There are 2 protein chains.
Amino acid sequence: MSRARPRKAPRRAGRKAKWALRGIRLPRYKAIKLEVTRALSSGRIAADEPLPTEKQLAARYGVSIGTVRRAMDELVAEHVVVRQQGRGTFLAPFSSERLLNRFWPVFRKDGEREIPIVQTLRFEEARADAETARALAVAEGAPIYRIVNLLLMGGNPVLLDEVRIARALLPGLTEENFVARENTMYGFYQSAYGINVIRVVDRLRGVAADAETARRFGIPAGSALLESMRIAYTFEDRPVESRRTLIHTQAYEYRNVIGGEVRIA
Amino acid sequence: MSRARPRKAPRRAGRKAKWALRGIRLPRYKAIKLEVTRALSSGRIAADEPLPTEKQLAARYGVSIGTVRRAMDELVAEHVVVRQQGRGTFLAPFSSERLLNRFWPVFRKDGEREIPIVQTLRFEEARADAETARALAVAEGAPIYRIVNLLLMGGNPVLLDEVRIARALLPGLTEENFVARENTMYGFYQSAYGINVIRVVDRLRGVAADAETARRFGIPAGSALLESMRIAYTFEDRPVESRRTLIHTQAYEYRNVIGGEVRIA
DNA sequence: TTCGATTTGTTCGTATGTATT
DNA sequence: TAATACATACGAACAAATCGA
């Protein structure tokens, strides 16, 4: 019996060869995903500029288009990039709309969404204490910005937050161009500094309002508030900022959907 | 995942025929995903029984294996099923471990996970008031179970929750076999009734402890607590239960990760 | 406005690697 | 060991959206 031969070029040897990386052998599509992620995390690609096309990536990495597609499909599922038929592939945009809905899950109790109005109460330079240093992965005493904002929803003060971010991440930032931003803070990080916040971790607790916060919210001291301690991360688990937010949940609430990815069509 | 919708349909012929469903044309892989989801939601498939193989599904729906794979890949990404090389594809198991980590994001403040011990304080039959009826999508006055649990972590009472679920969903349930369950509640719904909780929506607020709750937690009345109002859903957005949980966040916290899907390797 | 080039989206098919039974 | 079932990879054809000539 004649050994059945493929009709096409027998061009194959060790097709299954995986890439060695950090000692682990990754499938090619994972390796490509990692490469693309690295390129994005370097900030070299602007938000409105398309990534290389499938064909270009396939050529660059010496794989088939299907393999590139698989890598990109996962990045789409993870909201890192968006693709548009006929246009190309782009960094997931941090429009106010998307950002708000994705990273700012505070709604009016009846479910309506309201756009917050931001008042910057304080903008100052400081040095990282031990806890902040740990959260931001910088040395203790490293220069940071400390920014306090009051956010009004429906005309009422609802959120009070205090942000700490390493000065090294935002070189040349002044209070003037910070408050002049036409954007959410994460959108500002992206457009002005090429820093993409892709993940946040919130730690939520119920706390009693201190005197000053109570005054700002117009409630009795000791009233129950929702506290969120958040650290925001960019690619490769690098921390960007640490943020403490106090939320007046009389008329608003923090919504969390677990398993919301389950969408059939 | 799907992109912008058509503005015009030039309608050319080809084997590209999509399936018409609810008036919308779905790609075949989406249609298959929907079909499989329906089969799972019917409860016909036990948690330890494999789904049909790729080859069988491909034959049944008259598509290539690659198309079936694409449908299953999305279901895997959504945690609806898990696949094991050499074994098959299974409903995502509701093991205590996985359930706890997925649907119960309460951690000790230092980050450690603790397994809660459950005390059932009340188990009674009742009728749905207006709000409960709306949450559970049943008629007002429909028979429900009302279950109150106290959960201890590290030996201390940390969570107090009150569950409301339609009696029609759990026919024949008695307090005896409820408290005798060797499982989390969601695991019990699955193993005993074939009901799979796949999504929950939590609405979080800071609230003051009422007298009874304060007594249970051993704290002063009026102390700040974290309140979670949760509705749990199964396939096709059908509500399963409504739950109010009060959390004593002195030593514990509710963790929420937004963008946690971003995992490169 | 039309048309064609470009780019992503969907579907098919094949070959082979690897884990499980 | 052999059969089974999923995992990775390649390649091709056609559909549909976008954009600029």
Side-chain angles (χ1 to χ4, degrees), chain A residues 3-19 24-33 36 48-59 61-77 81-90 265, chain B residues 1-19 24-34 36 48-77 81-90 265:
Chain A
R3 178 87 171 74
R5 273 328 312 158
R7 339 180 258 321
K8 278 184 299 194
R11 53 195 307 277
R12 214 13 88 236
R15 166 144 66 180
K16 199 52 193 317
K18 295 179 179 179
W19 288 11
I24 347 171
R25 280 155 60 84
L26 285 179
R28 280 145 113 80
Y29 76 93
K30 292 273 189 195
I32 290 170
K33 197 178 154 190
V36 172
D48 55 353
E49 165 194 14
L51 273 63
T53 67
E54 296 177 337
K55 204 189 297 190
Q56 291 169 331
L57 288 172
Y61 297 115
V63 300
S64 75
I65 286 184
T67 301
V68 171
R69 279 196 73 80
R70 175 136 190 210
M72 301 311 279
D73 281 348
E74 292 201 358
L75 290 176
V76 168
V81 302
V82 296
R83 323 188 73 190
Q84 275 178 269
Q85 201 169 350
R87 293 229 303 143
T89 304
F90 303 83
Chain B
M1 190 149 295
S2 68
R3 282 269 35 90
R5 278 338 288 165
R7 63 175 65 144
K8 246 195 295 186
R11 190 73 210 95
R12 230 176 291 169
R15 64 176 153 89
K16 195 52 195 320
K18 295 179 179 177
W19 289 10
I24 354 172
R25 281 155 52 86
L26 285 179
R28 280 146 110 79
Y29 77 94
K30 293 273 189 195
I32 290 170
K33 196 177 155 192
L34 187 56
V36 171
D48 55 354
E49 165 195 13
L51 273 64
T53 67
E54 296 177 337
K55 202 187 300 190
Q56 291 169 328
L57 288 171
R60 172 177 314 174
Y61 296 113
V63 300
S64 76
I65 287 185
T67 302
V68 170
R69 252 189 160 289
R70 177 137 187 209
M72 301 311 279
D73 281 348
E74 291 202 358
L75 290 175
V76 168
V81 302
V82 296
R83 323 185 75 188
Q84 275 178 268
Q85 199 170 320
R87 294 228 305 143
T89 304
F90 302 83

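Each chain gets a letter, A, B and so on, in the order the sequences are listed, and its residues count up from 1. Everything quoted here is computed from the prediction, not taken from an experiment. Basis for what follows: all heavy atoms, side chains included, without hydrogens, waters or symmetry-related copies.
A:T53 has no side-chain polar atom (N or O) that falls below the 4.0 Å cut-off from OP1 or OP2 of C:dT6. Phosphate proximity of C:dT10 to B:R28: absent, as no side-chain N or O sits under 4.0 Å from OP1 or OP2. Considering only side-chain N and O atoms, B:R70 lies nowhere under 4.0 angstrom from the phosphate OP1 or OP2 of C:dT11. Proximity of B:T67 to the phosphate of C:dC12: a side-chain N or O atom is located under 4.0 Å from OP1 or OP2. Between B:T89 and D:dA5, a side-chain N or O to OP1/OP2 separation shorter than 4.0 Å is absent.
Nearest heavy-atom pair across A:E74 and A:Y29 is OE2-CE1, 3.4 Å. Counting all heavy atoms, side chain and backbone alike, B:R28 lies closest to B:V63 at NE-CG1, 3.7 Å.
Between atom CZ of residue B:R70 and atom CG of residue B:L75 there is a gap of 12.5 Å, rounded to the nearest 0.5 Å. To the nearest 0.5 Å, the span separating CZ on B:R60 from CD1 on B:I32 amounts to 10.5 Å. Here OG1 of A:T89 is found 10.5 Å from CZ of A:R87. Values are rounded to the nearest 0.5 Å. Taking OG1 of B:T67 as the start and CG of B:L57 as the end, the distance is 11.5 Å to the nearest 0.5 Å.
For A:E54, counting side-chain heavy atoms from C-beta on, the closest listed nucleotide (C:dT8, D:dT18, D:dC10) is C:dT8. Nearest to the side chain of A:R83, among C:dT11, D:dT8, C:dT8, sits C:dT8. Comparing C:dC12, D:dT8, C:dT8 by their closest approach to the side chain of A:R69 singles out C:dT8.
We find that CD of B:E74 is positioned 12 Å from C1' of C:dT10, with the value rounded to whole Å. Residue A:L57 contributes atom CG, which lies 15 Å from atom P of D:dA9 at whole-angstrom precision. Between A:I65 atom CD1 and C:dG13 atom P the separation is 20 Å, expressed in whole Å. Distance, A:L26 CG to C:dT18 C1': 16 Å, rounded to whole Å. If you take CG of A:L51 and C1' of C:dT6, they are 16 Å apart, rounded to a whole angstrom. Rounded to a whole Å, the OH atom of B:Y61 is 19 Å from the C1' atom of C:dT10. Note: CZ (B:F90) to P (C:dA19) measures 17 Å, nearest angstrom. A straight line from NZ of B:K55 to C1' of D:dC6 spans 12 Å, rounded to a whole angstrom.
Taking five base pairs at each end of the helix from C:dT2-D:dA21 to C:dT21-D:dA2 and finding the rotation axis that steps the C1' atoms of four pairs onto the next four gives two axes whose angle is 10°, to the nearest 10°.
Residue contacts shown for A:G66 are absent, as no nucleic acid heavy atom lies under 4.0 Å away.
Proximity of A:V81 to A:V76: side-chain heavy atoms (C-beta onward) are separated by under 4.5 Å at one or more points. Side-chain contact check for A:M72 versus A:R83: some heavy-atom pair is nearer than 4.5 Å.
At a cut-off of 3.5 angstrom, the base of D:dA5 holds no donor-acceptor pair with the side chain of B:Q85.
Judged by closest nucleotide on DNA chain D, B:G86 is the one of B:G86 and A:R87 placed further toward the 5' end.
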